[in-house]
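So you know, we letter chains A, B, ... as the sequences are listed, proteins then strands, and number each from 1.
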2 protein chains.
Amino acid sequence: MEMTDGGFGTNQTVAIIGLGLIGGSYAKGLHNLGVRHIIAVDLDTAALEQAKRDGVIEAAYTCGNEALRQADLVIFCMASQIMIRFLADNRHYFKRGALLTDVAGIKGHTAETIAALLPAGVAFVPGHPMAGREGQGYGMASADIFRNANYILVPMPQNGAEQTDAVAAMAKALGCAHVVRVTPEEHDRLIAYTSSLPHVLATSLVNSEAMTSMTKYFIAGSFRDGSRVADINAPLWTNLFLANKENLLYEIDRFSTALQQFATLLQEEDRTGICDFLQQAAVRRRELIHETHTR
Amino acid sequence: MEMTDGGFGTNQTVAIIGLGLIGGSYAKGLHNLGVRHIIAVDLDTAALEQAKRDGVIEAAYTCGNEALRQADLVIFCMASQIMIRFLADNRHYFKRGALLTDVAGIKGHTAETIAALLPAGVAFVPGHPMAGREGQGYGMASADIFRNANYILVPMPQNGAEQTDAVAAMAKALGCAHVVRVTPEEHDRLIAYTSSLPHVLATSLVNSEAMTSMTKYFIAGSFRDGSRVADINAPLWTNLFLANKENLLYEIDRFSTALQQFATLLQEEDRTGICDFLQQAAVRRRELIHETHTR
């Protein structure tokens, strides 16, 4: 079998289920790696046609059966609920020995539901890249989203080491910097802080009553960056937020505590306190970015 | 007199007082425009030497007198308090007809204080670019910070049109997209929302108790962008925040109201309400960025 340096097999058949921004990014990234057979399933025939014209996929399908019969590796790039419905409808079509993985941002109890639907000889390793970008759809897909990103695996008890290692090898081959393994509970708690909360802050910033027709002339880098992800896919994130409600409410609360701590220091004109607060933030941010070797 | 397309004279002598990140960026930007005589005053002799080696400045001074005698245009790139002290100490050295401007981010009542210090025949037009970047010092300076940025002028009643127009022409020549004129009160109110608040949110985000040794593996673009300006110059921003205390507390309050509105929708699992909140944010963000023609 042909392998990348990291041990990811390139002469297998990979099926991407859902060819949007993330699915398209996998397709492009795997194509760049020289994966021989990349096929895609989507209802969006325009996206499928574009990917074929780009030479990124070899074959396109609008339903699962024929695609799944060929696939050694299946990557589900869609919301959890839709993935579960797709699995229930297509469970008999998987090739024996197929390895399945997903990119759902919130894990919760979906793994158990999925495990119950899998036929014998088919393994599912939950995971996702800590990557993405603004916008949506295949047109915004880019192999670059994986570069230096972290990749999270949330293995199930029944996963074998060679199965989790295979997904890890793919992540490394796509350019990810670290592959981390955590439980579903740890995952959802951490993600509430590092991903959901920044989206809530960005949307709340632009939804403040302060926004007027003059605002646009007064924005600079700090507002641009702080509001970037406010250009959000609203239905998708509504689902993600609701699926992780308790953790997210807890993180909004902890953030509000820090914000209120600053407001109190400012109210009291505590110069040393404000400077210490800012200095702590500067050190933390610098360490964080240094440690992750990214921007 | 040689002019740029926008009417900015390039054969004048421009003195940059304070050759840090912002001062250095002016020096580099004006140098790129072909301004003949750029001189700088700073106590940091290493920065001055570097700028001379870069060919960006023609002459370097560690005190004001000799530099100010030559300068047609003087750009103060330092904190307001230090600028006022510098002006008080050097007021007798300005060339008659010299035009002065600054980059102080909070205006308050500094203009009146400065006006009282000016000798006859010397004009001061308060302003600043809506631009900047992380880090500090001449080493981080870049002419690019002006590209497509907005430039704010906060004219004083005694400013003549040709004086404000001259600073506006410089801003346009440096690459700024729009030049906006506002009162000091409007300025400080707007800036509390568009600049101070995003810095407070970024520092509060990384100062949340949620930050642990696992955080680094779970950050992606939203956290990186939302925390970028947490790498802050703490003493500088402590002064800016204190100088605009009431406006900033008001904006923290309005932001908290929007955040709490989201938290309540989530608590109540109001799917439609959450989706509407996010959709409004997406539309606002897209309009804002479209209108400013920048990232």
A/Tyr193 and B/Thr212, any side-chain heavy atoms less than 4.5 Å apart: no

Least distance between heavy atoms, B/Ser222 atom then A/Pro198 atom: O-CB, 3.6 Å

Segment of A/Arg284 engaging chain B (4.5 angstrom heavy-atom cut-off): side chain

Heavy-atom side-chain contact between A/Leu288 and B/Phe223 under 4.5 Å: yes

Options B/Ile145, B/Ile252, B/Leu190, ranked by heavy-atom pairs under 4.5 Å with chain A, top entry: B/Leu190

Residue pair B/Ile289 / A/Ile219, side-chain heavy-atom distance below 4.5 Å: yes

Chain A contact via B/Val179 - which portion, at a heavy-atom distance below 4.5 Å: neither

Heavy-atom side-chain contact between B/Arg285 and A/Ile232 under 4.5 Å: no

OG1-CD distance between B/Thr215 and A/Glu287, expressed to the nearest 0.5 angstrom: 11.5 Å

Shortest non-hydrogen contact from A/Asp231 toward B/Arg286: OD1-NH2, 2.7 Å

Contacting moiety of A/Leu197, where chain B heavy atoms sit under 4.5 Å: side chain

Most contacts with chain A, counted as non-hydrogen pairs under 4.5 angstrom, among B/Val182, B/Asn239, B/Thr203, B/Leu248: B/Thr203

Most chain A-contacting option - heavy-atom pairs closer than 4.5 Å, from B/Val283, B/Val200, B/Asp276: B/Val200

Max heavy-atom pair count under 4.5 Å with chain A, selected residue of B/Val206, B/Leu205, B/Asn207: B/Asn207

Engaged part of B/Ala131 at the chain A interface, taking heavy atoms whose separation is under 4.5 Å: backbone

Contacting region of B/Arg254 [heavy-atom separation from chain A under 4.5 Å]: both

Rounded distance (nearest 0.5 Å) linking atom CD of A/Glu269 with atom OG1 of B/Thr238: 12.5 Å

Heavy-atom check, side chain of B/Lys216 versus side chain of A/Asn150, under 4.5 Å: no

Contact origin within A/Glu251 toward chain B - heavy atom pairs under 4.5 Å: side chain

Neighbourhood of chain B inside residues 75-82 of chain A, taking heavy atoms under 4.5 Å as contact: none

Residue pair B/Phe255 / A/Leu201, side-chain heavy-atom distance below 4.5 Å: yes

With B/Asp253 via side chain to side chain contact (heavy atoms under 4.5 Å, CB included) - residues at least two apart: none

Residues of residues 256-264 of chain B near chain A, each having a heavy atom less than 4.5 Å away: B/Ser256, B/Ala258, B/Leu259, B/Phe262, B/Ala263

Which portion of B/Tyr151 sits near chain A, non-hydrogen atoms under 4.5 angstrom: neither

Validation row: B/Ile191, A/Phe218 side chains within 4.5 angstrom (heavy atoms): yes

Between B/Cys275, B/Gly226, B/Ala192, the one whose heavy-atom pairs under 4.5 Å with chain A are most numerous: B/Cys275

Nearest non-hydrogen partners of A/Leu249 and B/Gln267, listed with the distance: CD1-OE1, 3.0 Å

Pairwise distance CG(B/Asp225) to CZ(A/Arg228) - rounded to 0.5 angstrom: 4.0 Å

Any residue meeting ring pair (Phe, Tyr, Trp, His ring centres under 6.0 Å) with B/Tyr26, in chain and number order, not counting sequence neighbours: B/Phe146

Gap between atom OH of A/Tyr217 and atom OG1 of B/Thr194 - 0.5 Å precision: 13.5 Å

